[in-house]
Number of protein chains: 2
Amino acid sequence: MTETNEEYEVTQMPIWSAGEEWCGVTASMQLIGKKWHPVIISRLLKHGTLRFNQLQDEIGDITNKVLSDSLEDLQQKNLVARTVVNEKPVRVEYELTEQGKSLKPVIEALHKWGTTHVQPVTNDEDTLTQ
Amino acid sequence: MTETNEEYEVTQMPIWSAGEEWCGVTASMQLIGKKWHPVIISRLLKHGTLRFNQLQDEIGDITNKVLSDSLEDLQQKNLVARTVVNEKPVRVEYELTEQGKSLKPVIEALHKWGTTHVQPVTNDEDTLTQ
DNA sequence: CGGTATCCCCGGTGATACTG
DNA sequence: CAGTATCACCGGGGATACCG
């Protein structure tokens, strides 16, 4: 609630590194460094708006609780907005806030690097010599 | 050892999301999604080569064990190279591999977003109205 | 200097079941 | 449909001490 579009303020401590300026990398990681956050955000970036179960299907192997917790965390951080549409049955929609959308370059960088520099292992058989 | 410059192969499972193509975001997070990895990498990107204690000083609040563990992990993932210089006392240098250096855009994106969109909280007093 | 070796703790993650 | 409510686990992260 209290739809403020302000920046989320980091309260955890280790933000400053000794003798260095503010570490933006650490700051970012505190907001999106959780296991499922980047995937969730990338999904919302791609589809715009998604409902709970849609999100769950998109991601595939995430439990209710974990998805719920993650979304809650993302809301607190003002990266995701939750909208309840009073229909029958109730529909709940999730979308990125402006803050969240501003993460696009970050997610794209992650995606690009992942697809370019990481080799997936199709584990039908280990083709490793050792 | 065995200085292969190949791509690290992901062995953990949840790489594919249901009905979707390879998820590069998840892949990336499996490699650099640990708490200290991005900071370490950003430090090495900035300084090129650093010794153990230099790295520790740069980061500030990281213990021996954790830094050691993180570096070990980064080596396994072929992102960081370790060189032992036999002097007295022994000098050990860490630098990014080519793989590691290729992360530059990612780290830059994280840094830029963090410095632009996250407000640091200098906790001398809570200036929050609520 | 550049690490190991222990030990411990907490919370992120997860499985399962239940609800408005 | 969109979640809570429990309970449990496991390992990343950390403090401290020791070593070649």
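Protein chains get the first letters and strands the later ones, always in sequence-line order, with residue 1 at the start of each. These numbers come from the heavy atoms of this one structure, side chains and all, not from hydrogens, waters or symmetry mates.
- Rounding to whole angstrom units, CD of residue B/E93 and C1' of C/dG2 are separated by 13 Å.
- Applying the side-chain hydrogen bond (donor to acceptor under 3.5 Å, both in side chains) criterion to B/K112, with sequence neighbours excluded, gives no partner residue.
- With sequence neighbours excluded, no residue forms a side-chain hydrogen bond (donor to acceptor under 3.5 Å, both in side chains) with B/R51.
- One can place CG of B/L71 at 14 Å from C1' of C/dT4, the figure rounded to the nearest angstrom.
- Across the helix from C/dC1-D/dG20 to C/dG20-D/dC1, the helix axis at one end is tilted relative to the axis at the other end by 60° (nearest 10 degrees, each axis from five pairs).
- A search for side-chain hydrogen bond (donor to acceptor under 3.5 Å, both in side chains) contacts involving A/E93 returns A/R91, not counting sequence neighbours.
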Notebook entry, point to check: If the sugar-phosphate is the primed atoms plus P, OP1 and OP2 and the base is the rest, what is the B/S/- string for nucleotides 8-20 of chain C, using protein heavy atoms under 4.0 Å?
Noted result: ----SBBB-----
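- Within the 4.0 Å cut-off from OP1 or OP2 of D/dG3, at least one side-chain nitrogen or oxygen of A/R82 is found.
- Contacts of A/Q56 classified as side chain to side chain contact (heavy atoms under 4.5 Å, CB included), with partners at least two apart in sequence or in another chain: A/F52, A/N53, A/I62, A/N64, A/L67.
- Distance CZ (B/R91) to P (C/dC1): 12 Å, rounded to an integer number of Å.
- Here A/R82 pairs with A/Q75, A/V84, A/V92, A/Y94 under the side chain to side chain contact (heavy atoms under 4.5 Å, CB included) rule; sequence neighbours left out.
- B/K65 meets the side-chain hydrogen bond (donor to acceptor under 3.5 Å, both in side chains) test with B/D69; sequence neighbours excluded.
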